[in-house]
Amino acid sequence: MFTTIYLFFYIDNTGFILYSIMAMKKLLCIIELCISLAAIFTGCSRSGGIATLEKKEIFTLEYGNFENQLNIFDISSVNDIRTSLVMRNGFFYIMNSEALKIMEMSSYGDLITFYYNPQYNRAPSYAGLDGAKASTRKAVEYEFNELSAITVDSRKHLYAVDKFPFDRQDQDSENGQVLSQIVLRFDSDGHYIDYIGQQGPGGMPFPYINSIHATNDNELVVITSSNDNYTVFWFSSDGYLLYKMPIYKQKVPSPFENGDASRNWHSISNIVPDYNDRMLYLKIDYFSSTIDEASRLQSGITFNGSYIYSLNIEDGKFGEPLEILPYTEQNTEGFSNERYEIPYDFLGITENGWFFFFINTDSGFNIQMIQRDGQRILKRNLPVNRKDILYYSLDLSNSGILSVLFIKNDKAEINWWRTDSLIQSVLKN
């Protein structure tokens, strides 16, 4: 005989979710099922907000001129800080652009490889040593000019965006661009291999590079931009050019094609590659202007929505869009009760197919994770005490771990959130 059991889960101060389960199984099995369902609905908490995910401090760095310290000069000049972080397979790579050096560090904060410009950094005591004395640490000299981005592939090959000296830069008169940036390559032992240009090893320098990425097949992806248009260069694991894909802002698709073109516009907020396939993902934000009927003048801007489009790098075809719901902020100050919709920033996609988006909030970061097919959506608050943070750099690893470098007055902190474990627990349930 079937038994009807009613289970109540408290969601917020306004109501309950009611589940009716008909089964002949034991009550224990039903309770286990409901616990699994509750895990999926953990986006809600007893306070009515999004559940939080606690960060873990990995290690800290002091400020100074030694090889295992950060040198960011005047930390009161927040806008001038260009230091960034990349985490790959548990190793942290910190690009200290201001000091023209890169540090490879373990998860315990131990320095493994020190890449440095000797004109700006003192040589460490182990520089030039061979054999057992240098087995735990390596020092690599290279005269960096202007570091701006790094990435690492599964072979532990390091790629670093640098700039040619002025006398070696070129001009693209047709597009009005300065061609000055290159991608340096170092192998897993820290040996300099060569530099990558537009055509491959030793090629013409790139225009402004937005970002660089390494796929799971150790293919390098370089994304450049100019005047709201982009060009993506996709290289083989040996560094030879496979595909060059121009992306023009006015030629990307729109779900609002039937609207008034003079009142609608869009912005390509980010482009990232897939780790497993030769595919790009474009996040595009769409807006329209609001016209005052009396004056016939523009009175405001309306956010219409954000979408992710896939773009096949081999045939240049766009896939179907995936809508990305915006972050909603409630303003209840005074007598107002207004809701604002703000588009998320696009961090990237993991190797198991989860899109990551984030937005700054008063309490830290709000993270939205969406499965590539849109079937599952997870949201979490990542609490951060902002009062003593001058600057931060976020990194999403291919496995889905979200790492952050915090620059503070007295020290730098490297933390992470195990968002990969959160996703795995949801999939198991």
So do [Y] and [X] actually touch side chain to side chain, heavy atoms under 4.5 Å?
X	Y	result
V221	I313	no
I423	R376	no
N121	F114	yes
E329	I359	no
L85	V404	no

With a 3.5 Å cut-off and no angle check, do the side chains of [X] and [Y] form a donor-acceptor pair?
X	Y	answer
D388	N409	no
N264	Y286	no
T350	N352	yes

Just verifying a value: how many Å separate [X] [atom1] and [Y] [atom2], rounded to the nearest 0.5 Å?
X	Y	atom1	atom2	value
S310	K317	OG	NZ	12.0 Å
Q250	H266	CD	NE2	5.0 Å
D395	L402	CG	CG	8.0 Å
N276	N216	CG	CG	5.0 Å
W416	I401	CH2	CD1	4.5 Å
I367	L396	CD1	CG	9.0 Å

Is it the case that the side chain of [X] and the backbone of [Y] share a donor-acceptor pair, with hydrogens and angles ignored and the cut-off at 3.5 Å?
X	Y	result
N145	K163	yes
T224	P207	no
N227	N229	no
Q69	N65	yes
D172	E174	yes
N96	N71	yes

Q) In terms of ring plane angle, is the pair Y142 and Y192 parallel, tilted or perpendicular, where the classes change at 30° and 60°? A)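 Answer is tilted, since the angle falls between 30° and 60°.
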Q | Pair listing, ring-ring contact (aromatic ring centres under 6.0 Å, His included) test, anchored in residues 230-249, at least two apart | A |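 Of all non-adjacent pairs touching residues 230-249, those that pass ring-ring contact (aromatic ring centres under 6.0 Å, His included) are F206-F233.
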Q | Audit row: N210, S225, side-chain hydrogen bond (donor to acceptor under 3.5 Å, both in side chains) steps and yes/no | A | CA-CA 7 Å; N210 281 65; S225 67; 2.5 Å; yes
Taking all heavy atoms of [X] and all of [Y], pick out the closest pair and write down the distance.
X	Y	value
I370	I324	CD1-CD1, 3.7 Å
Y309	G319	CD2-O, 3.5 Å
G190	K138	N-CE, 4.5 Å
D238	P201	O-CG, 4.3 Å
R88	T215	NH2-O, 4.2 Å
F92	S403	CE2-OG, 3.9 Å

Q: Output all residues satisfying side-chain hydrogen bond (donor to acceptor under 3.5 Å, both in side chains) with N304, sequence neighbours left out; order by chain, then residue number.
A: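 For N304, the residues satisfying side-chain hydrogen bond (donor to acceptor under 3.5 Å, both in side chains) (neighbours in sequence not counted) are S288.
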Is the number of heavy atoms from other residues, nucleotides or ligands within 6.0 Å of [atom1] ([X]) greater than 12?
X	atom1	result
E57	CD	yes
E62	CD	no
F66	CZ	no
D189	CG	yes

Q) Only one of E104, K101, M105 clears side chain to side chain contact (heavy atoms under 4.5 Å, CB included) with I94; which? A)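 Output: one option passes, namely M105.
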Q: Given side-chain contact (heavy atoms from CB on, under 4.5 Å), test I308 with F346 step by step and report yes or no.
A: CA-CA 9 Å; I308 291 285; F346 183 28; 3.8 Å; yes
Q) What pairs with F303 under side chain to side chain contact (heavy atoms under 4.5 Å, CB included), at least two apart in sequence or on another chain? A)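 Result, side chain to side chain contact (heavy atoms under 4.5 Å, CB included) vs F303: D285, F287, S306, P326, E341, P343.
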Q: Quick one: list whatever passes side chain to side chain contact (heavy atoms under 4.5 Å, CB included) with S97, sequence neighbours left out.
A: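 Partners of S97 under the side chain to side chain contact (heavy atoms under 4.5 Å, CB included) test: R82, M95, L147.
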Q) What pairs with E413 under salt bridge (charged side-chain N to carboxylate O under 4.0 Å, His left out), at least two apart in sequence or on another chain? A)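 Scan of E413 (salt bridge (charged side-chain N to carboxylate O under 4.0 Å, His left out), adjacent residues dropped) gives K408, K411.
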Q) Does the pair H157 and V152 meet the rule for a side-chain contact (heavy atoms from CB on, under 4.5 Å), with working shown? A) CA-CA 6 Å; H157 286 198; V152 180; over 6 Å; no
Q: Would you check, one step at a time, whether the test side-chain contact (heavy atoms from CB on, under 4.5 Å) holds for R418 with K56?
A: CA-CA 8 Å; R418 291 304 303 266; K56 179 182 178 182; over 6 Å; no
**Q.** Qualifying side-chain hydrogen bond (donor to acceptor under 3.5 Å, both in side chains) pairs, either residue in residues 193-209, two or more places apart
**A.**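 Passing the test, one end in residues 193-209: R185-D194.
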Q. With ring centroids as reference points, do F365 and Y392 lie under 6.0 angstrom apart?
A.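 Ring centres of Y392 and F365 closer than 6.0 Å.
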Q: Begin from the C-alpha positions of F144 and L184 and carry the test side-chain contact (heavy atoms from CB on, under 4.5 Å) through to its verdict.
A: CA-CA 9 Å; F144 300 114; L184 307 175; 3.7 Å; yes
